[in-house]
Asker: 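Input: one structure, supplied below.
Within every chain, numbering begins at 1; the chains are lettered A, B, ... in the order of the sequence lines, protein sequences first and strands thereafter. Quick caveat: nothing in here was measured; it's all calculated off a predicted structure.
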Protein chains: 2
Amino acid sequence: MIAEHPDAPDPDDVDLSAVLHALSDPQRRRIVAELAASAEPRPCGSFAPGISKSTRTHHFRVLREAGLVEQWKEGTSKMSRLRRDDVDARYPGLLDSVLGSKAVA
Amino acid sequence: MIAEHPDAPDPDDVDLSAVLHALSDPQRRRIVAELAASAEPRPCGSFAPGISKSTRTHHFRVLREAGLVEQWKEGTSKMSRLRRDDVDARYPGLLDSVLGSKAVA
DNA sequence: CAGGTAGTTCGATGATCGTCGTATCATATG
DNA sequence: CATATGATACGACGATCATCGAACTACCTG
């Protein structure tokens with residue numbers, strides 16, 4: 001079988017897959033949690049200590065392409081912000097439940 | 001770097017990764033959605049038409065090992081049930097938000 | 001301009017994933 | 001017992017992933 005059947009792929013599904021995949025990595029989830037905890041934007045480099053710069057760049061790209069974070073350059077460093085409102089609007093309760101499993105406990 | 005730093009891996013994190021990874025696949029999410037929609041347990045074979053039996057078995061194992069579904073043999077076929085209560089208790093709101101992104105719309 | 005700091009890009013590598021077909025097992029029924 | 005049905009086990013294949021180091025770019029500062 002080649003999965004050729006005509007089931008509505010549902011456009012939202014694409015993004016949801018990306019979001020869930022992005023959040024399925026502990027390293028990235030940790031970044032998101034730190035991002036959610038600190039009100040002020042922080043430079044990328046201050047997250048996920050213990051992994052290489054390239055890996056960190058990779059993780060931030062996955063998060064960005066999933067629509068979870070926003071980034072902008074600021075002087076010598078690049079700032080990151082969790083797009084909480086956007087994500088909450090699109091997938092209500094998702095971030096809360098993913099992050100809350102530790103925080104709310 | 002070899003990620004040797006001492007950050008609490010958080011036992012819950014392991015399972016959460018498995019759950020999110022399980023839900024990040026559209027095929028599996030579809031199974032879960034169907035499972036959530038039908039009150040009565042149904043045989044595995046009645047889900048996810050268009051994919052091969054082995055693939056379906058694989059998906060059900062991923063869902064089972066993530067703690068999302070429960071299975072038991074009943075005569076010639078194997079029944080499946082969404083462990084809604086258990087999942088809701090462990091990750092409140094997660095299933096609702098993942099499934100709701102389509103259902104609630 | 002020289003030097004340093006912060007990120008990105010570019011392979012590469014080993015692991016995991018989704019999918020398949022085939023062979024096999026278990027159970028029910030003729 | 002023979003057969004059909006529903007599901008699993010077993011590789012296998014190509015794709016994607018997380019991770020790395022090294023080379024490169026952008027920017028600030030002295």
Side-chain angles (χ1 to χ4, degrees), chain A residues 1-5 7 9 13-32 34-35 40-66 68-81, chain B residues 1-5 7 9 13-32 34-35 40-66 68-81:
Chain A
M1 285 171 184
I2 314 176
E4 58 201 342
H5 58 101
D7 268 289
D13 248 29
V14 184
D15 309 292
L16 184 51
S17 289
V19 169
L20 293 175
H21 168 246
L23 291 173
S24 77
D25 183 273
Q27 214 70 260
R28 283 192 291 261
R29 213 158 48 236
R30 203 151 64 87
I31 293 179
V32 170
E34 291 185 38
L35 227 24
E40 287 306 306
R42 285 160 44 195
C44 294
S46 68
F47 296 95
I51 67 178
S52 72
K53 287 194 302 177
S54 18
T55 302
R56 188 162 33 226
T57 296
H58 163 67
H59 284 320
F60 269 101
R61 177 176 35 186
V62 173
L63 291 171
R64 187 173 359 105
E65 290 180 346
L68 287 169
V69 312
E70 181 187 13
Q71 295 185 288
W72 66 94
K73 303 205 68 171
E74 194 157 299
T76 175
S77 52
K78 193 173 218 171
M79 296 304 186
S80 296
R81 185 185 70 86
Chain B
M1 285 174 184
I2 314 177
E4 57 201 346
H5 59 101
D7 269 289
D13 249 29
V14 183
D15 309 293
L16 185 51
S17 288
V19 169
L20 292 176
H21 167 247
L23 290 174
S24 77
D25 182 273
Q27 215 68 262
R28 284 192 290 263
R29 214 159 49 236
R30 202 150 64 87
I31 292 178
V32 170
E34 291 185 37
L35 227 25
E40 288 305 305
R42 284 158 45 190
C44 295
S46 69
F47 296 95
I51 66 178
S52 72
K53 288 196 300 178
S54 19
T55 302
R56 188 162 35 222
T57 296
H58 163 69
H59 284 321
F60 269 101
R61 178 176 34 192
V62 173
L63 290 171
R64 186 171 1 105
E65 290 179 348
L68 288 170
V69 311
E70 181 188 12
Q71 295 184 289
W72 67 94
K73 302 204 67 172
E74 195 159 299
T76 174
S77 53
K78 194 172 216 171
M79 297 301 185
S80 296
R81 186 185 70 86

Asker: With R28(A), which residues qualify under side chain to side chain contact (heavy atoms under 4.5 Å, CB included), at least two apart?
Answerer: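 Expected list: H21(A), A22(A), D25(A), H58(A), H59(A), V62(A), L63(A).
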Asker: Separation of L20(A) atom CG from dC17(C) atom C1', in whole Å?
Answerer: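 Rounding to the nearest Å, CG of L20(A) and C1' of dC17(C) are 16 Å apart.
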Asker: How would you list, by chain and number, every residue that makes a salt bridge (Lys or Arg N to Asp or Glu O under 4.0 Å) with E65(B), sequence neighbours excluded?
Answerer: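 Not a single residue meets the salt bridge (Lys or Arg N to Asp or Glu O under 4.0 Å) criterion with E65(B).
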Asker: Restricting to non-hydrogen atoms, name the atom on P43(A) and the atom on M79(A) that form the minimum distance, rounded to 0.1 Å.
Answerer: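 Nearest heavy atoms, P43(A) then M79(A): N-SD, 3.4 Å.
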Asker: Check the pair I31(A), V69(A) against side chain to side chain contact (heavy atoms under 4.5 Å, CB included), reporting the backbone distance first and the verdict last.
Answerer: CA-CA 10 Å; I31(A) 293 179; V69(A) 312; 5.8 Å; no
Asker: Kindly write out the residues that satisfy salt bridge (Lys or Arg N to Asp or Glu O under 4.0 Å) with R64(B), not counting sequence neighbours, or none if the list is empty.
Answerer: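 R64(B): no salt bridge (Lys or Arg N to Asp or Glu O under 4.0 Å) contacts found.
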Asker: Please determine if R56(B) forms a cation-pi arrangement with F47(B), meaning its NZ or CZ atom is less than 6.0 Å from the six-membered ring centre and no more than 45° off the ring axis.
Answerer: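 No.
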Asker: Counting only side-chain nitrogens and oxygens, does T55(A) get under 4.0 Å of the OP1 or OP2 atom of dC20(D)?
Answerer: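 Answer yes for this pair, as a side-chain N or O of T55(A) is under 4.0 Å from OP1 or OP2.
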Asker: Identify, with sequence neighbours excluded, every residue that meets side chain to side chain contact (heavy atoms under 4.5 Å, CB included) alongside T76(A).
Answerer: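 Per chain and number, T76(A) pairs via side chain to side chain contact (heavy atoms under 4.5 Å, CB included) with no residue.
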Asker: Rounded to the nearest Å, what distance is computed from the CD atom of residue E74(A) to the P atom of nucleotide dC28(D)?
Answerer: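 Distance, rounded to whole Å: 11 Å.
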Asker: So does S24(A) get a backbone contact from the side chain of S17(B), meaning a donor-acceptor N/O pair under 3.5 Å?
Answerer: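 Side chain of S17(B) to backbone of S24(A): a pair is present.
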Asker: Which heavy atom in T55(B) sits nearest to a heavy atom in S52(B), and how many Å separate them?
Answerer: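 Minimum heavy-atom separation between T55(B) and S52(B): OG1-OG, 2.9 Å.
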Asker: Counting Watson-Crick and G-U wobble pairs whose two distances are both under 3.5 Å, find the runs of 3 or more in a row that involve DNA chain C.
Answerer: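 So far as stems of 3 or more pairs are concerned, DNA chain C shows C:1-30 with D:1-30.
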Asker: Round to a whole Å and report the spacing from CG of D25(A) to P of dT16(C).
Answerer: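 So the two atoms are 14 Å apart, to the nearest Å.
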Asker: Walk along nucleotides 5-11 of chain D from 5' to 3' and tag each nucleotide B, S or - by protein heavy-atom contact under 4.0 Å, base first, then sugar-phosphate.
Answerer: BSBBB--
Asker: Within the pair H59(A) and dC17(D), is there a side-chain N or O less than 4.0 Å away from OP1 or OP2?
Answerer: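 Indeed not, no polar side-chain atom of H59(A) lies that close.
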Asker: Find the distance E65(A):CD to dT16(D):P and express it as a whole number of Å.
Answerer: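 Roughly 13 Å, once rounded to whole Å.
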Asker: Let me know the distance between CZ of R42(A) and P of dA6(C), rounded to the nearest Å.
Answerer: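 Computing the R42(A):CZ to dA6(C):P distance gives 14 Å.
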Asker: Let me spell it out: for each of G75(A) and H21(A), pick the nucleotide of DNA chain D with the closest heavy atom. Which residue's pick is nearer the 5' end?
Answerer: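 Its nearest nucleotide lies further toward 5', so the answer is H21(A).
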